[in-house]
Asks: 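Got a structure here, written out as C-alpha cells. Questions coming.
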Number of protein chains: 2
Amino acid sequence: MSAERHGQNEAATDDMSWAEVTPDAARRLLIAAVQAFAERGYHATTTRDIASRAGMSPAALYIHYRTKEDLLLRISRIGHEKALEILKDAAAEEGTASERLSEAVRSFVRWHAARHLTARVVQYELDSLGEEHRPEIVALRRESDATVRDIINDGVKAGEFDVPDVPGTTLAVLSLCIDVARWFNTEGRRTPDEVGALYADLVLRMVGARVS
Amino acid sequence: MSAERHGQNEAATDDMSWAEVTPDAARRLLIAAVQAFAERGYHATTTRDIASRAGMSPAALYIHYRTKEDLLLRISRIGHEKALEILKDAAAEEGTASERLSEAVRSFVRWHAARHLTARVVQYELDSLGEEHRPEIVALRRESDATVRDIINDGVKAGEFDVPDVPGTTLAVLSLCIDVARWFNTEGRRTPDEVGALYADLVLRMVGARVS
DNA sequence: TACGGAACTAAGCGCTCGCTCAGCTCTAGG
DNA sequence: CCTAGAGCTGAGCGAGCGCTTAGTTCCGTA
C-alpha cells in the first residue's frame with residue numbers, strides 16, 4: 001500500500017510530531033483541525049467538523065482553544081518553527097555551500113511532502129490569520145528567507161555558484177519548495193525522499209553549482 | 001506610482017481582459033468576484049460583498065449567475081483557457097526548444113504576475129469547485145502540463161537539454177511558475193516583465209540548456 | 001402615448017455558523 | 001464515603017449566510 005511504502009502516512013505520524021501539544025484532548029483537536037483545514041480550507045471548515053473528527057462535542061473545542069482562529073494560529077506557529085528549524089539545521093552543517101543548499105532543499109521539501117497536510121495549512125492559510133497575529137508569522141518566514149539567502153551568498157562568494165539575482169533566486173527556490181505542499185499526494189508515484197532528491201538537484205542547477 | 005510603472009494595475013486592465021463577458025453588469029460582477037475571491041478566498045467571500053463591489057444589490061447577482069459557485073466556475077474556466085493559450089502559443093512558435101521553453105515560461109509567468117488576482121483564484125481556488133465541475137478544469141491543467149512536457153522532451157531529443165526526470169521537472173517548472181500568483185505583489189520591487197525574464201533564465205538552468 | 005420585458009431592488013426565508021452556558025460525570029485527596 | 005474541580009455535553013442564542021420573491025424602474029418599439 002502506498003502509505004506504507006512512503007512510510008509517511010500523515011495521520012499516523014501526527015501523533016508523534018505534535019507531541020509538544022498537551023493535554024491529549026487538545027492534541028487530538030489540533031490534529032483534527034489540521035486535516036480539516038488542509039482538506040477544505042480554514043473558512044470552509046466548521047468547528048463542529050473539527051470536534052466530531054476528534055470524537056468530541058462542539059463545545060469541547062472551547063475548553064482547550066479560545067477561538068477557531070486560535071487553533072489556526074497554534075498550527076501555523078508550530079509549523080513555521082519546525083520548517084525554520086529544518087532550514088537552519090541544514091545551513092549550520094559543515095560543508096560547502098553546495099552541500100548545505102542541497103541538504104536544506106532536500107529536507108525542507110521532504111517535510112513539505114511527508115507532512116503536506118500540515119504544510120498546506122501553514123503555507124497557504126496565512127491570510128486567514130487576523131491582522132494582529134500575522135506579523136509574528138511573517139517574521140518567521142523572513143527568517144527562512146534569510147537562511148536560504150545566506151547559503152546562496154556564501155556559494156557566490158566562494159565561487160561555487162553563478163547567481164545574477166540572489167534575492168530573486170532565493171525567492172524562487174523557496175517558492176518552488178513550498179508549492180510541493182499544494183500538489184503532493186500520498187497516493188502519487190513519488191515518495192517524499194524522491195521529491196527531495198529531485199528538487200535538490202534542480203535547485204543546484206538553478207544556482208549554477210559546479211557539477212560535482 | 002507603482003501600478004503605473006508596472007503598467008499592470010489589474011483592476012484597470014480587467015475591463016479589457018474580460019471583454020468576452022457580457023452584458024456589462026455581468027462583467028462588473030465577475031471582476032468584483034475575482035478581487036474578492038483573491039483577497040479573502042472563495043468561502044470567506046459573501047455574495048453581498050461581491051454585489052456591493054459591483055455597485056449592485058445582493059439579488060442582482062442571481063440575474064446573471066445561477067449561484068456563487070457558478071461565478072467561480074466561469075472565472076476558473078476563462079482563466080485556465082487563457083493560461084493554456086499562452087503556453088500553446090509559445091510552444092507553437094518556430095525556434096529551438098530552448099527558445100520555445102524560455103518564451104513559454106516568460107509569458108506564462110508574466111501573466112501570473114500581471115494578473116495575479118485572477119491567477120490566484122484560478123490556481124488556488126480549484127478545490128472550492130464542486131465535484132461535478134472539477135474534471136473539466138483538471139483536463140485543462142493536464143493539457144498545460146502536456147504542452148510544457150512536450151517542449152522539454154523536444155529539447156532532450158535534440159540534445160539541447162539534460163533532464164534525468166522529464167515528468168518531475170515538468171511538474172517543478174509549472175509549480176514554480178504558478179506559485180508566482182501567490183507571492184507577487186503589485187507594490188513590490190519587480191515588474192511582471194522582470195519576473196518573467198528571471199524565471200525564464202532559472203528554468204533554462206533547470207533543464208540544463210546549453211548556454212547560448 | 002402605451003406597453004412588454006429585461007434589469008434591478010427591498011425585504012426576508014430557512015439555515016448553519018461560531019460560540020456560550022447550565023449542568024452532568026468522573027476522579028483524586030482526605 | 002464525601003466533596004471539589006476539571007473535562008465534557010446538550011441545548012440553543014444571535015448573527016450572517018446563500019438565495020428567493022414580489023414588486024418597481026426603465027427602455028425599445030409601434
Asks: For a quick check, tell me whether the side chain of B:R48 and the base of D:dG16 share a donor-acceptor pair closer than 3.5 Å.
Replies: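 Absent.
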
Asks: Under 4.0 Å from OP1 or OP2 of D:dC17: is there any side-chain N or O of B:H43 that close?
Replies: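 So the side chain of B:H43 is outside the cut-off, no N or O lying under 4.0 Å from OP1 or OP2 of D:dC17.
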
Asks: Show your reasoning for whether side-chain contact (heavy atoms from CB on, under 4.5 Å) applies to B:H116 and B:T186.
Replies: CA-CA 9 Å; B:H116 62 284; B:T186 313; 3.0 Å; yes

Asks: Give the nucleotide from the list C:dT20, D:dC8, D:dG18 with an atom nearest to the side chain of B:T47.
Replies: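 Output: D:dG18.
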
Asks: Specify the residue among A:S57 and B:Y42 whose closest nucleotide of DNA chain D lies further upstream toward the 5′ end.
Replies: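 Here A:S57 is the residue nearer the 5' end.
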
Asks: Is the shortest side-chain N/O distance from B:H64 to OP1 or OP2 of C:dC8 below 4.0 Å?
Replies: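 Indeed, a polar side-chain atom of B:H64 lies that close.
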
Asks: B:R27 side chain to B:T22 main-chain N or O, any donor-acceptor pair under 3.5 Å?
Replies: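 Flag not set: sc B:R27 to bb B:T22 has no pair under 3.5 Å.
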
Asks: Of all the nucleotides listed (C:dG18, D:dC8, C:dC8), which has the minimum atom distance to the side chain of A:A25?
Replies: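 The listed nucleotide nearest to A:A25's side chain is D:dC8.
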
Asks: So if I take every side-chain heavy atom of B:A59 and compare against D:dC19, C:dA10, C:dC19, which nucleotide ends up nearest?
Replies: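 Of the candidates, C:dA10 comes closest.
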
Asks: Evaluate the side-chain proximity of B:V180 to A:S175: yes if any heavy-atom separation is below 4.5 Å, no if none is.
Replies: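 A side-chain contact is absent here, since even the closest heavy-atom pair is not under 4.5 Å.
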
Asks: Could you go through B:E194 and A:D165, starting from their C-alpha distance and side-chain angles, then the distance that decides it, and tell me whether this counts as side-chain contact (heavy atoms from CB on, under 4.5 Å)?
Replies: CA-CA 11 Å; B:E194 287 163 1; A:D165 179 352; over 6 Å; no

Asks: The side chain of A:A60 is closest to which nucleotide in this list: C:dC19, D:dT9, D:dG18?
Replies: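 Of all the options, the side chain of A:A60 is nearest to D:dT9.
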
